[in-house]
Visitor: 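One structure follows; several queries about it will come next.
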Amino acid sequence: MSDLKPARTRMAPSPTGRFHLGSARTALFDYLLAKKTGGQFVLRIEDTDRKRFVPGSEEEIIASLKWLGIEPDEGPGYGGPYGPYRQTERRQAYADHARILVDKGAAFPCFCTPERLAAVRQEQQKRKETPRYDGTCRSLSPQEAASRIADGEKYVIRFKMPYEGVTVARDLLRGEIATENRHLDDTVLLKSDGLPTYHLAAMLDDHLMDITHVLRGSEWLPTFPLHVQVVRAFGWDEPVWVHLSVFLKPSGKGKMSKREAAQAMTDGYSIFVKDMEGLGYTPEGVLNWIALMGWGVAEDDVMNLDEMVERFDVEKLTPSPAAINFNKLDHFNGTHIRRLPVDELARRIKPFFVDAGYEVDNDTLLKITPLIQERLVTLDDCIAFGGFFFQETVTPDPQDLVAKGLTAAQSAEAARRSLDILSGVDSLAHDIAEPPLRALVEEMGLNAGQVFGILRAAVTGQRVSPPLFESMEVIGKEKVIERLEGAIGALENLDDTPPKG
RNA sequence: GUCCCCAUCGUCUAGCGGCCCAGGACGGGGCCCUCUCAAGGCCCAAACAGGGGUUCGAGUCCCCUUGGGGACACCA
């Protein structure tokens, strides 16, 4: 870290849609940098585009950050000394500052109608030129501009980009980026509705809020020189600029799109943080996963939030685009599930059992959790691995009751002898029940997989389950015997076909 | 079309001139363990886009080509 002075970082989403992975990663890095240096992470809502406003998206942003465990120190609903934190509640400041730039000669009022601008743009494109403002209002005298404003004519305020010269901007990860001013435009700073565009609003607020490090997506790189010029025109200190790469779709060809988002859903994944919880992902898993896309960690890459804060270094972020890889999300999720204390895991999987319609008693829940813990990739896998524990009865597929290499009659015989043994044993504690059954396997000249497979299907109703003896212990002697009797009955009803291959 | 950014295994990445015939992780393959499924352990295949420089020495610095990505709104 180049400096350990407390950093003030900000995440500035616009409430125009759903909160996705890319935003979450920016927020994470903002959070890590702030916590690492003992600074603050602020949330600012950039809601100056009223046309694209989507009700509920601010709530989704806040809920997502909360679920991830990277809550802002300041922001809407959190308060703080730099409020308000919604840009529509700060409109006067933008208008005032746009005026300041005009007075300084760094910006000018523009009365061109959207229709005229569109026509100009079309004409330029026809001539294969880069679309840009043609400068019509740039040379208006202050008097004329003032009188047209007084007449009530609609206008915007544009930045007066120098026609000559080069703007050199410095990005922490990429170094100096030089752009010739002639390629830049007289960009609109204040719209005719009196609200600012991003180019003014973000620069002003970052300054007013004492933001020290701006972490944002690389889609801002083309307007980076403009932003630097705006800041310099005001005479403010620049923050440290860090442009993060974008997330590419799994194929690596192109960035995540609507289509790709839909595809992820059909594959059981989502690029929206809010969906992650319902899909059985843990905040730890998601955080670890997104952290490693764009942050180069050489080894020991399994980290929780605290460990990330400990090891974070903003200079170690990588500038190249990263393709999303859901395999890795599954891996990290499983890894973090295994790291969870049993009672914590139990608390987290309980809602999935409840939602599936099971009546969950905490005693049983706590007993089965360690049995399924290392088998879960997502939390909702608990149903597949442990649902039968909460069922009164199970109904195995009769075919699953027939062991490989045995006929139905032979399988029934093995089940009967197992039943005799289990009936006679004092307890189904696994260390008590297992030895005599192993002896039976030996005696019948079979192998463990055959006999235990029959019992597994009979007792759990499935061919895949947690370890058999531990499972039987939880289910209890009474139910085990009951289920075994049912299985024997089912086997006896089976036509005796040749041994299962 | 113009501008900007990026470029190491299929993917995420380590590497900031000699420690690299390139390390880790996911995924893939094999073996071990094993009552199923996992988990775990061991092993294997897999990359410096190409071409020029600079240097005693280049994955590491510079240039070009190629490829990829992004941006060209009174959206952010």
Side-chain angles (χ1 to χ4, degrees), chain A residues 12-14 16-17 46-49 51-52 110 112-114 117-118 121 125 127-132 154-158 171 173-174 177-180 182-185 187-193 195-199 201-202 216-225 243 245-246 248 250-255 289 292-302 315-316 318-332 334-335 338 372-377 381 384-385 434 437-438 441 447-457 460 462-469:
Chain A
S14 55
T16 53
E46 311 226 322
D47 55 351
T48 56
D49 186 348
K51 293 193 269 303
R52 292 201 309 154
C110 170
C112 298
T113 62
L117 261 13
R121 196 159 27 236
Q125 269 163 347
R127 290 197 305 261
K128 301 265 190 224
E129 289 171 16
T130 305
R132 66 201 300 266
K154 282 253 186 198
Y155 69 101
V156 301
I157 290 179
R158 289 179 182 274
D171 174 89
L173 308 177
R174 300 156 209 263
I177 296 170
T179 310
E180 291 186 61
R182 65 189 173 86
H183 293 306
L184 271 14
D185 203 0
T187 314
V188 173
L189 261 24
L190 198 72
K191 299 180 276 186
S192 58
D193 64 2
L195 283 168
T197 59
Y198 174 92
H199 314 296
R216 41 148 47 168
S218 66
E219 64 269 22
W220 292 110
L221 242 19
T223 43
F224 185 22
H243 292 89
S245 64
V246 293
L248 270 23
S251 65
K253 305 279 181 205
K255 72 168 177 179
W289 177 52
L292 259 28
M293 285 188 278
W295 175 17
V297 174
E299 270 155 64
D300 301 321
D301 59 3
V302 177
E315 303 206 36
K316 291 281 189 185
T318 55
S320 43
I324 280 181
N325 177 190
F326 289 111
N327 277 338
K328 211 152 183 170
L329 168 61
D330 283 336
H331 168 257
F332 279 119
T335 302
R338 272 170 255 129
I372 63 176
Q373 181 159 26
E374 70 191 23
R375 276 159 254 266
L376 303 181
V377 171
D381 287 342
F385 283 111
E434 184 167 349
L437 283 171
R438 292 238 174 237
V441 167
N447 58 51
Q450 290 173 305
V451 176
F452 297 168
I454 295 168
L455 300 184
R456 162 170 292 104
T460 71
Q462 19 192 90
R463 48 202 319 169
V464 171
S465 82
L468 180 62
F469 298 101

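Below, read A as the first sequence line, B as the second, and so on, with proteins coming before strands; counting in each chain starts at 1.
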Visitor: Look at all strands and tell whether A/Gly453 reaches a base, only sugar-phosphate, or nothing, counting heavy atoms closer than 4.0 Å.
Guide: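 Nothing, no heavy atom under 4.0 Å.
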Visitor: Return the nucleotide paired to B/A38: Watson-Crick means purine N1 to pyrimidine N3 with N6-O4 or O6-N4, wobble means G-U with N1-O2 and O6-N3, both under 3.5 Å.
Guide: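 Here B/A38 is not engaged in any pair, so there is no nucleotide opposite it.
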Visitor: Are more than 12 heavy atoms from other residues, nucleotides or ligands located less than 6.0 Å from atom CZ of A/Arg132?
Guide: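 Yes - once you tally the heavy atoms of other residues, nucleotides and ligands closer than 6.0 Å, there are more than 12.
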Visitor: Would you mind telling me which of B/C75, B/U2, B/A14 lies closest to the side-chain atoms of A/Ala298?
Guide: B/A14
Visitor: With side chains defined as the heavy atoms from C-beta onward, is the minimum distance between A/Gln125 and A/Pro131 less than 4.5 Å?
Guide: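 A side-chain contact under 4.5 Å exists here.
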Visitor: Over how many whole Å does the gap from A/Trp220 atom CH2 to B/C6 atom P extend?
Guide: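 In whole Å, B/C6 P lies 19 Å from A/Trp220 CH2.
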Visitor: Roughly how far, to the nearest 0.5 Å, is the CZ atom of A/Phe385 from the CZ atom of A/Arg375?
Guide: 7.0 Å
Visitor: Among the candidates B/U11, B/C74, B/C4, find the nucleotide nearest to the side-chain atoms of A/Lys51.
Guide: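 The listed nucleotide nearest to A/Lys51's side chain is B/C74.
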Visitor: What is the distance from CG of A/Leu248 to C1' of B/G67, rounded to the nearest Å?
Guide: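 Distance, rounded to whole Å: 13 Å.
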Visitor: Quick check for you: among B/C5, B/C35, B/U36, whose closest atom lies nearest to any side-chain atom of A/Arg174?
Guide: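 The answer is B/C5, which lies nearest to the side chain.
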Visitor: Return the nearest nucleotide to the side chain of A/Lys328; candidates are B/A39, B/C26, B/A76.
Guide: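 So the nucleotide nearest the side chain must be B/C26.
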Visitor: Classify A/Ser245 by what it touches in the nucleic acid, base, sugar-phosphate, or nothing, heavy-atom distance under 4.0 Å.
Guide: nothing
Visitor: Contact class for A/Pro466 (heavy atom, under 4.0 Å): base, sugar-phosphate, or nothing?
Guide: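 Counting heavy atoms under 4.0 Å across all strands, the contact made by A/Pro466 includes a base.
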Visitor: Answer yes or no: side-chain N or O of A/Ser320 and base N or O of B/C6 forming a donor-acceptor pair under 3.5 Å.
Guide: no
Visitor: In whole angstrom, give me the gap between the C1' atoms of B/G23 and B/C37.
Guide: 33 Å
Visitor: With P as the reference atom in both, quote the distance from B/G24 to B/A45 in angstrom, rounded to an integer.
Guide: 12 Å
Visitor: Map A/Leu292 and A/Glu46 onto RNA chain B by nearest heavy atom, then report which one ends up closer to the 5' terminus.
Guide: A/Leu292
Visitor: Check the distance between B/A25's C1' and A/Met293's CE and give it to me in whole angstrom.
Guide: 13 Å
Visitor: Under 4.0 Å between any heavy atoms, over every strand shown, what does A/Pro114 touch: base, sugar-phosphate, or nothing? Just pick one.
Guide: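 The residue A/Pro114 makes base contact.
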Visitor: Answer whether the closest heavy-atom distance between the side chains of A/Ser218 and A/Arg174 falls below 4.5 Å.
Guide: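 The answer is yes; the side chains approach within 4.5 Å.
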Visitor: The side chain of A/His199 lies closest to which of these nucleotides: B/U13, B/C5, B/A76?
Guide: B/A76
Visitor: Does a side-chain heavy-atom distance below 4.5 Å link A/Val246 with A/Glu219?
Guide: yes
Visitor: Which part of the nucleic acid, if any, lies within contact of A/Gly217, taking any heavy atom under 4.0 Å across all strands shown: a base, the sugar-phosphate backbone alone, or nothing?
Guide: nothing
Visitor: Rounded to the nearest angstrom, tell me the gap between atom NE2 in A/His183 and atom P in B/C4.
Guide: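 After rounding, the gap between these two atoms is 6 Å.
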Visitor: Could you give the CD-to-P distance, from A/Glu219 to B/A71, as a whole number of Å?
Guide: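 Distance check: A/Glu219 CD to B/A71 P gives 7 Å.
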Visitor: Send over the distance from A/Glu180 CD to B/C4 P, rounded to a whole Å.
Guide: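 Taking CD of A/Glu180 and P of B/C4, I get 8 Å after rounding.
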Visitor: Over all strands shown, is A/Leu184 touching base, sugar-phosphate only, or nothing at heavy-atom distances under 4.0 angstrom?
Guide: nothing
Visitor: Any heavy-atom pair between the side chains of A/Leu437 and A/Phe452 that's under 4.5 Å?
Guide: yes
Visitor: C1' atom, B/C9 versus B/G29: distance in rounded Å?
Guide: 15 Å
Visitor: Quote, to the nearest angstrom, the P distance that separates B/C31 from B/G69.
Guide: 40 Å
Visitor: Looking at B/A25, which nucleotide sits across from it as a Watson-Crick or G-U wobble partner, both distances under 3.5 angstrom, or is there none?
Guide: B/U11
Visitor: Looking at A/Arg52 and B/C75, is any side-chain donor or acceptor paired with a base atom of the opposite kind under 3.5 Å?
Guide: yes
Visitor: Can you tell me the base-pairing partner of B/C56? Count Watson-Crick or G-U wobble geometry only, both distances below 3.5 Å, and say none if there is no partner.
Guide: B/G18
Visitor: Given the P atoms of B/C12 and B/A49, what is the spacing between them in whole Å?
Guide: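 Per the computed distance, 14 Å lies between those P atoms.
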Visitor: Where the side chain of A/Arg121 is concerned, which of B/A73, B/G70, B/C6 is the nearest nucleotide?
Guide: B/A73
Visitor: Take the protein atom CG of A/Asn325 and the nucleotide atom C1' of B/U13, then report the distance between them rounded to whole Å.
Guide: 12 Å
Visitor: Is there side-chain contact between A/Thr197 and A/Lys191, with heavy atoms separated by less than 4.5 Å?
Guide: yes
Visitor: For A/Ala178 and for A/Phe332, locate the closest nucleotide of RNA chain B by heavy-atom distance; then report the residue assigned to the nucleotide nearer the 5' terminus.
Guide: A/Ala178
Visitor: Counting only Watson-Crick or G-U wobble pairs whose two distances fall under 3.5 Å, which nucleotide matches B/C72?
Guide: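 B/C72 is paired with B/G1.
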Visitor: NA contact type, A/Val302, heavy-atom cut-off 4.0 Å: base, sugar-phosphate, or nothing?
Guide: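 Nothing: the residue A/Val302, judged by heavy atoms under 4.0 Å, touches no strand.
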Visitor: Atom NZ of A/Lys255 and atom P of B/G68: how far apart are they, to the nearest Å?
Guide: 17 Å
Visitor: Suppose you measure atom P in B/A38 against the same atom in B/G28; what distance do you get, rounded to whole Å?
Guide: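 Nearest-Å result for B/A38 against B/G28 at atom P: 11 Å.
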Visitor: Looking for any heavy atom pair under 4.0 Å, which part of the strands does A/Val188 touch: base, sugar-phosphate only, or nothing?
Guide: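 Sugar-phosphate contact only.
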Visitor: Counting distance only, does the side-chain N/O of A/Trp289 pair as donor-acceptor with the main-chain N or O of A/His331 below 3.5 Å?
Guide: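 No.
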Visitor: Describe the nucleic acid contact of A/Thr460 in one word from base, sugar-phosphate, nothing, applying a heavy-atom distance below 4.0 Å.
Guide: nothing
Visitor: Could you report the tightest heavy-atom contact between A/Gly296 and A/Thr318, atom names first, then the distance?
Guide: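 That would be N-CG2, 4.4 Å.
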Visitor: Under 4.0 Å from OP1 or OP2 of B/C72: is there any side-chain N or O of A/Arg132 that close?
Guide: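 False: A/Arg132 side-chain N/O out of range (4.0 Å or more) of B/C72 OP1/OP2.
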Visitor: Counting side-chain heavy atoms from CB outward, which of B/A71, B/U36, B/G1 is closest to A/Ser465?
Guide: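 Closest nucleotide to the A/Ser465 side chain: B/U36.
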Visitor: Within the structure shown, what part of the strands sits under 4.0 Å from A/Pro225 by heavy-atom distance: base, sugar-phosphate, or nothing?
Guide: nothing
Visitor: Return the nearest nucleotide to the side chain of A/Arg438; candidates are B/C26, B/G40, B/C35.
Guide: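 Closest nucleotide among those given: B/C35.
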Visitor: Of all the choices, B/C5, B/C37, B/C72, which nucleotide is nearest to the side chain of A/Leu221 once you look at every atom?
Guide: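 Taking heavy atoms from C-beta onward, the closest nucleotide is B/C5.
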Visitor: Where the side chain of A/Lys316 is concerned, which of B/G15, B/A76, B/G69 is the nearest nucleotide?
Guide: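 Closest of the options to the side chain of A/Lys316: B/G15.
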Visitor: Can you tell me how far CZ of A/Arg456 sits from CZ of A/Phe469, rounded to the nearest 0.5 angstrom?
Guide: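 A/Phe469 atom CZ to A/Arg456 atom CZ measures 9.0 Å (nearest 0.5 Å).
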Visitor: Between B/C21 and B/G59, how far apart are the two P atoms, rounded to whole Å?
Guide: 10 Å
Visitor: What does A/Gly294 touch in the nucleic acid at a heavy-atom separation under 4.0 angstrom: a base, only the sugar-phosphate, or nothing?
Guide: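 A/Gly294: backbone/sugar contact only, no base atoms under 4.0 Å.
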Visitor: Take atom C1' in B/A46 and the same atom in B/U13, then report the distance between them in whole Å.
Guide: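 These two C1' atoms come out 15 Å apart once rounded.
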Visitor: Could you check whether A/Lys253 gets within reach of a base, just the sugar-phosphate, or nothing at all, counting any heavy atom under 4.0 Å?
Guide: sugar-phosphate
